[in-house]
2 protein chains.
Amino acid sequence: MSAPTLADVAELAGVSRQTVSNAVNNPDLLRADTLARVQQAIDELGYKPNRAARNLRTRASHLIGLRITPVQEGTASVVMDRFVHSLVEKSGEAGYHVLLFTDALEDDPLTGYDELLRSTAVDAFVVTDTYLGEGQAAWLRERRAPFVSFGRPWDDDNARHPWVDIDGAAGTELATRHLIEKGHDRIAWIGWKKDSVLGEERRSGWLRAMHEAGLPTTGLASRVEDAVNSGCSAARVMLAEAGPTAFVCASDTLAIGVMHTLAERGLQAGDDVAVVGFDDSQVAQTVWPGLTSVRQPLEEAAVELVKALEGLLATPSQVGPGVMLTPTLEVRGTSGPDRR
Amino acid sequence: MSAPTLADVAELAGVSRQTVSNAVNNPDLLRADTLARVQQAIDELGYKPNRAARNLRTRASHLIGLRITPVQEGTASVVMDRFVHSLVEKSGEAGYHVLLFTDALEDDPLTGYDELLRSTAVDAFVVTDTYLGEGQAAWLRERRAPFVSFGRPWDDDNARHPWVDIDGAAGTELATRHLIEKGHDRIAWIGWKKDSVLGEERRSGWLRAMHEAGLPTTGLASRVEDAVNSGCSAARVMLAEAGPTAFVCASDTLAIGVMHTLAERGLQAGDDVAVVGFDDSQVAQTVWPGLTSVRQPLEEAAVELVKALEGLLATPSQVGPGVMLTPTLEVRGTSGPDRR
DNA sequence: TCCGAGTGTTGGAACGATCAAGGCAGGATG
DNA sequence: CATCCTGCCTTGATCGTTCCAACACTCGGA
């Protein structure tokens with residue numbers, strides 16, 4: 001009735017417990033025929049090592065913790081969904097499972113980490129949203145908790161942990177260049193408030209591409225909240241005051257807002273005014289006529305994170321350099337035709 | 001350096017291990033002053049019970065497994081994101097964590113379950129996508145694995161497990177009635193292929209509302225793949241052949257397709273032709289002028305699932321009835337004005 | 001014949017918690 | 001006064017695995 005144990009297998013195969021353990025963990029220590037015999041017993045009984053017992057003995061759970069934050073309703077971004085999936089898949093291949101947790105109600109973000117850490121429920125954490133400055137990384141470092149972070153250590157200067165990040169500036173630069181190549185010369189930026197490090201980074205990519213091409217930027221930048229309505233009104237103001245022929249936005253949410261304003265004015269997104277978003281959300285993929293958008297290589301990020309994680313757990317002392325990945329541009333209808 | 005154990009706390013507090021254990025698990029067994037003394041020692045050392053050791057002894061991991069499937073790119077649906085978050089939150093409140101897993105590459109969906117089950121890594125599973133007929137439920141039942149399902153036991157007649165589902169027909173009925181009240185009488189259905197039980201269920205809600213109002217349905221139903229393009233072409237045909245004034249769709253993805261076709265024809269979604277989607281995706285929330293959509297009460301579903309899970313793990317033999325939840329309608333621009 | 005190296009295998013202890021049973025006061029009961 | 005009970009706490013065993021050190025066995029060399 002109850003699950004077979006190591007001892008059951010050992011008895012059936014006529015060997016000792018340790019031999020079965022070796023068959024599972026160090027097969028090359030056994031003589032071929034013994035291994036085969038043990039293997040058959042394992043198959044016959046359907047034996048799988050008991051996780052709890054193994055965890056207890058080896059002091060490892062093969063679990064990695066990931067904190068998830070509430071879904072932002074009303075925005076376009078669904079980065080988390082794709083990222084979580086990639087992470088689960090890649091860590092699964094490395095023999096790790098992903099354990100999700102949220103903040104306990106009305107508590108600070110660190111209680112979740114603390115609980116899992118102290119109860120030795122997970123081997124390591126994957127930290128995201130480092131740009132929010134919640135001090136997750138610093139806190140974990142203090143406790144010597146193993147973790148890798150998806151996102152640069154923005155808020156932690158003396159950080160010494162592995163990280164993987166995506167070069168947002170490269171993304172917006174890509175987007176801006178794409179529009180310049182299309183023949184645009186008045187390209188506006190709709191981004192986030194100045195206190196958003198991520199927003200400022202993405203803005204800098206637009207700025208770089210514009211300067212490089214010798215195009216004007218004054219009066220062409222706007223900084224607002226990440227909401228559809230904010231995008232709408234920013235675009236309204238921008239169209240009235242600066243007459244841009246294209247918009248580069250810090251998010252698909254803002255880009256959608258811009259598109260609303262264009263529709264409102266009877267302007268055709270793409271043909272009349274070009275728009276580029278950021279995140280390649282499902283909104284960008286499905287909205288008419290298709291929103292050109294910067295796509296983060298989340299699968300790749302997951303691969304790198306798991307790689308870093310494995311390295312970290314194998315040799316905790318030495319930490320490799322951070323990994324910076326470059327996003328790609330998904331070109332769709334709102335890019336519009338060439339204007340030359 | 002290493003984490004404090006029960007024995008450490010016991011020594012510091014001057015009591016036995018068992019007493020500390022009781023202080024943690026059955027506080028009311030202790031005299032008040034002893035409890036206080038132990039509690040202080042616990043706080044002082046920052047003690048948390050070791051998960052692995054506890055799991056081993058109690059034969060429970062307080063983990064529940066959830067299988068996730070790849071994100072469908074190019075569609076609007078993001079049900080999983082919201083659901084996962086709700087589930088993590090609600091199960092966290094009940095003392096459970098959620099363990100994610102995916103199918104091992106090119107393997108059948110059941111290997112993931114098998115592995116976690118046999119290694120006693122999780123206490124139970126939450127099964128989703130039962131409408132796909134992958135036989136997850138039947139397979140788990142066979143192994144006597146505890147699980148609850150989000151979705152009726154479509155594919156398993158003699159199922160005896162707790163389940164929670166959302167009444168899709170009630171959703172589309174709600175949507176259709178809403179349009180009827182607005183004064184529409186030629187309301188088309190764009191749904192999925194006949195082999196989709198979910199699609200047929202949603203269709204039945206439309207049918208019911210139409211019959212109830214004595215409205216015609218012949219020539220007004222279309223069954224296609226769940227893709228934006230399919231929605232486009234279905235709408236094109238429908239407009240040409242049946243002249244509907246409103247569309248009810250099985251998904252936001254299809255609804256977006258319908259909206260594309262309307263835009264293509266110079267028709268105003270809402271003012272000229274009404275459209276209602278299903279899922280209240282971020283696309284529905286952000287697209288212009290706002291897509292009216294049926295919203296699944298996923299938070300509520302998570303609550304019910306966790307409740308069922310707790311019941312199941314407490315008394316595995318008795319199984320309560322399934323829980324059916326009713327969706328709501330999020331009214332937005334594509335509903336259009338009253339036509340009376 | 002015996003030794004020592006090289007393989008494989010063995011039983012006992014440990015990981016850190018909970019379970020089951022038992023000890024020990026002190027008051028109620030006959 | 002002996003007995004029983006009740007409340008509170010302690011002791012030893014146990015969950016299933018891996019680590020550790022010691023132990024057989026084979027086989028070539030002295």
Side-chain angles (χ1 to χ4, degrees), chain A residues 1-39 41-42 45-63 95 115-123, chain B residues 1-39 41-42 45-63 95 115-123:
Chain A
M1 190 64 233
S2 93
T5 73
L6 203 63
D8 298 332
V9 177
E11 192 179 7
L12 180 61
V15 295
S16 70
R17 299 191 317 274
Q18 181 63 37
T19 304
V20 179
S21 177
N22 284 336
V24 174
N25 301 311
N26 304 83
D28 36 327
L29 286 183
L30 301 197
R31 217 169 37 208
D33 61 326
T34 314
L35 180 59
R37 196 154 39 96
V38 174
Q39 194 58 54
I42 288 177
L45 294 175
Y47 168 77
K48 269 262 172 185
N50 180 302
R51 280 284 261 261
R54 170 178 280 180
N55 293 351
L56 175 59
R57 194 64 180 95
T58 61
R59 302 168 164 286
S61 64
H62 281 256
L63 251 44
E115 193 194 316
L116 290 173
L117 187 58
R118 291 225 309 261
S119 63
T120 61
V122 301
D123 289 349
Chain B
M1 189 64 234
S2 92
T5 72
L6 204 64
D8 297 332
V9 177
E11 191 180 9
L12 180 62
V15 295
S16 70
R17 300 191 318 275
Q18 183 61 41
T19 302
V20 179
S21 175
N22 284 336
V24 174
N25 302 310
N26 304 84
D28 37 327
L29 287 182
L30 303 198
R31 217 168 42 205
D33 62 325
T34 315
L35 179 58
R37 196 153 38 95
V38 174
Q39 194 57 53
I42 288 178
L45 293 177
Y47 168 77
K48 270 261 173 187
N50 180 300
R51 279 283 262 260
R54 171 178 279 183
N55 292 350
L56 175 59
R57 194 62 178 99
T58 61
R59 303 169 163 285
S61 64
H62 281 257
L63 250 46
E115 191 195 317
L116 290 172
L117 188 58
R118 290 225 309 260
S119 63
T120 60
V122 300
D123 290 350

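Order of the sequence lines sets the chain letters (A, B, ...), proteins ahead of strands, with each chain counted from 1.
Applying the side chain to side chain donor-acceptor pair (under 3.5 Å) rule to B:R57 yields no partners; only residues at least two apart in sequence or on another chain are considered. Scanning for salt bridge (charged side-chain N to carboxylate O under 4.0 Å, His left out) contacts around B:R31 gives B:D33, with sequence neighbours left out. Applying the side chain to side chain donor-acceptor pair (under 3.5 Å) rule to B:S16 yields the partners B:T19; only residues at least two apart in sequence or on another chain are considered. Checked against side chain to side chain contact (heavy atoms under 4.5 Å, CB included), A:D8 has the following partners two or more places apart in sequence or in another chain: A:P4, A:T5, A:L45. Not counting sequence neighbours, the partners of B:L35 by the side chain to side chain contact (heavy atoms under 4.5 Å, CB included) test are B:A23, B:P27, B:L30. With sequence neighbours excluded, the residues satisfying side chain to side chain contact (heavy atoms under 4.5 Å, CB included) with B:T120 are A:N50. For A:R118, the salt bridge (charged side-chain N to carboxylate O under 4.0 Å, His left out) test picks out A:D114, with sequence neighbours left out. Partners of B:N26 according to the side chain to side chain contact (heavy atoms under 4.5 Å, CB included) rule, which considers only residues two or more places apart in sequence or in another chain, are B:N22, B:D28, B:L29.
Protein chain A contacts DNA chain C from C:dG8 to C:dG16, reading 5' to 3' and using non-hydrogen atoms of the protein with a distance under 4.0 Å. From the 5' end on, the contacts that DNA chain D makes with chain A at under 4.0 Å to a non-hydrogen atom open and close at D:dG16 to D:dC20.
Heavy-atom nearest nucleotides on DNA chain D were determined for B:L56 and for B:T19, and the one closer to the 5' end corresponds to B:T19.
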Using side-chain contact (heavy atoms from CB on, under 4.5 Å), reason through A:N25 and A:R54 one step at a time and then give a plain yes or no.
CA-CA 11 Å; A:N25 301 311; A:R54 170 178 280 180; 3.1 Å; yes
Start with the C-alpha distance between A:L6 and A:E11, add both sets of side-chain angles, then the distance that settles side-chain contact (heavy atoms from CB on, under 4.5 Å), and finish with yes or no.
CA-CA 9 Å; A:L6 203 63; A:E11 192 179 7; over 6 Å; no
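Between its opening and closing five pairs, the helix from C:dT1-D:dA30 to C:dG30-D:dC1 changes axis direction by 70°, a value rounded to 10 degrees.
At a threshold of 4.0 angstrom between heavy atoms, the contacts of B:R17 include nucleobase atoms, whether or not backbone atoms are also involved. Within the nucleic acid shown, A:T58 comes within 4.0 Å of sugar-phosphate atoms alone, with no base atom in reach, counting heavy atoms only.
Using a 4.5 Å heavy-atom threshold, the side chains of B:L63 and A:L63 count as touching.
Residues from residues 20-35 of chain B that place a heavy atom under 4.0 Å from any atom of DNA chain C, listed by number: B:S21, B:N25.
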